[in-house]
Amino acid sequence: MSELAHSNELPEGRSGLSRLQGIAVLAAVFVPILAAYVVYYTGVGMPAGTTNEGQLLRPPVRVLDLPFQERDAGRLQLGAEQPRWRYLVIPAGRCASACEKLLYTSRQVHIRLGEKADRVERLLVTAAPLGDARYRQLRQQHPRLRFVTLEPAVLEKLQRAAGFRQWHQPRALLVDQQGYAMMAYDNHHSGNQLLKDIKRLLKYSNEQ
């Protein structure tokens, strides 16, 4: 019996080798995942020559839980809605001509997505509700645009978290399906640049 038990025991050298092999297998699985997570959420190790056209936000900013208020609908809980890619168009102050230009650019991009347009939506985010006349005007020009507000302090915090100390011009923040703002655009970006990014992201992300 003692001889049988003894025969089932691995020699000390082989036991150590098996343990190292096990650790190596686990490391091969989990280290790349951990590295990808660190790079995505911190930007550390991100290659300088990325192919994106928009400005990457490092780190991405979670917007899913922000207390949005949607016009005529009340509290908007993005986390309870179908996951989509979203453009948050945020003017500098009131939505004037520069804001209209960015809205127009994002609308044309949305249209050019064709059958994939349902995976994307646009929201105009302001610190105060638009006047009725202005709302009707923009509503007519942008029938699929959603009109939401954030408290001024919350909106300012979002802008700072996105890495912009000054918000002198309108910007569009691109939010991924998990609710993280991860790229920013302004009127220096063309519609083709926005389209190139969103088409690539839609291609490599699953519809949820």
Side-chain angles (χ1 to χ4, degrees), residues 30-70 75-92 102-103 105-106 109-110 113 116-127 145-146 148-191 193-208:
F30 291 107
V31 168
I33 296 174
L34 178 61
Y37 182 89
V38 170
V39 171
Y40 182 81
Y41 286 102
T42 69
V44 175
M46 188 76 73
T50 55
T51 58
N52 55 286
E53 302 290 342
Q55 179 179 352
L56 282 175
L57 305 187
R58 300 175 178 176
V61 182
R62 182 176 173 85
V63 303
L64 210 59
D65 306 318
L66 294 182
F68 295 103
Q69 293 288 330
E70 186 166 17
R75 176 69 185 270
L76 169 62
Q77 294 181 309
L78 289 180
E81 298 206 343
Q82 180 180 346
R84 285 190 172 94
W85 291 88
R86 293 180 169 92
Y87 289 105
L88 304 184
V89 180
I90 306 175
L102 193 54
L103 284 174
T105 301
S106 62
V109 169
H110 201 186
L113 288 175
K116 296 184 184 299
D118 287 342
R119 296 180 59 191
V120 179
E121 68 176 1
R122 300 180 303 132
L123 296 86
L124 175 64
V125 185
T126 56
L145 182 67
R146 300 177 75 174
V148 303
T149 58
L150 280 175
E151 291 291 331
V154 177
L155 185 56
E156 185 178 346
K157 186 176 180 180
L158 169 61
Q159 293 166 348
R160 288 201 308 270
F164 299 102
R165 293 183 179 178
Q166 303 295 329
W167 200 273
H168 294 314
Q169 59 182 332
R171 290 187 175 91
L173 302 182
L174 178 58
V175 179
D176 68 16
Q177 296 172 111
Q178 284 69 49
Y180 285 88
M182 39 80 75
M183 219 175 307
Y185 303 89
D186 57 31
N187 281 324
H188 293 96
H189 293 91
S190 68
Q193 288 178 302
L194 271 72
L195 186 64
K196 182 179 176 182
D197 279 348
I198 190 64
K199 287 180 75 172
R200 184 188 305 115
L201 292 165
L202 290 173
K203 179 179 179 180
Y204 292 108
S205 62
N206 295 323
E207 186 171 4
Q208 300 181 14

For a 4.5 angstrom cut-off between non-hydrogen side-chain atoms, does F164 reach L57? yes
Nearest heavy-atom contact between V109 and G191 is CG2-O, 3.4 Å
Side chains of Q193 and K196, heavy atoms from C-beta outward: is any pair under 4.5 Å? no
Nearest 0.5 angstrom please: R122 CZ to L88 CG, how far? 12.0 Å
Could you pull out the closest heavy-atom pair between P170 and P91, with the gap in Å? CB-CA, 3.8 Å
Is a side-chain donor or acceptor of H168 paired with a backbone partner of A92 at a separation under 3.5 angstrom? no
Does any N or O in the side chain of D176 come within less than 3.5 Å of the main-chain N or O of M182, such that one atom is a donor and the other an acceptor? no
Straight-line distance of R171 CZ to Y185 OH, nearest 0.5 Å: 14.0 Å
Correct closest heavy-atom pair for D186 and H188 would be OD1-N, 2.8 Å
Rounded to the nearest 0.5 Å, what separation is found between the CG atom of N187 and the CG atom of L102? 5.0 Å
Point-to-point distance, once rounded to the nearest 0.5 Å, from CG of L195 to OG1 of T105: 11.5 Å
On a heavy-atom basis, which atom in L173 and which in A184 lie closest, and how many Å separate them? CD2-CB, 3.7 Å
How many angstroms lie between atom NZ of K116 and atom CG of D118, to the nearest 0.5 angstrom? 11.0 Å
Any donor-acceptor pair under 3.5 Å from H189 side chain to L194 backbone: no
Is it the case that the side chain of R119 and the backbone of L202 share a donor-acceptor pair, with hydrogens and angles ignored and the cut-off at 3.5 Å? yes
Neighbour count >12 (heavy atoms, 6.0 Å) for atom CD, Q69: yes
Flag side-chain contact, heavy atom, 4.5 Å: Q178 against P83: no
Which heavy atom in T51 sits nearest to a heavy atom in R200, and how many Å separate them? O-NH2, 3.4 Å
What is the minimum heavy-atom distance between M183 and N52, and which atoms define it? SD-CB, 3.8 Å
For the pair F68 and L150, evaluate side chain to side chain contact (heavy atoms under 4.5 Å, CB included) and give the outcome as yes or no after the intermediate values. CA-CA 5 Å; F68 295 103; L150 280 175; 3.7 Å; yes
Do any N or O atoms from the side chain of R146 and from the backbone of E70 form a donor-acceptor pair under 3.5 angstrom? no
For a 4.5 angstrom cut-off between non-hydrogen side-chain atoms, does Q177 reach W85? yes
Once rounded to the nearest 0.5 Å, what's the spacing between atom CG of L145 and atom CD of E121? 9.5 Å
Note, Y87 side chain near L123 side chain (heavy atom, < 4.5 Å): no
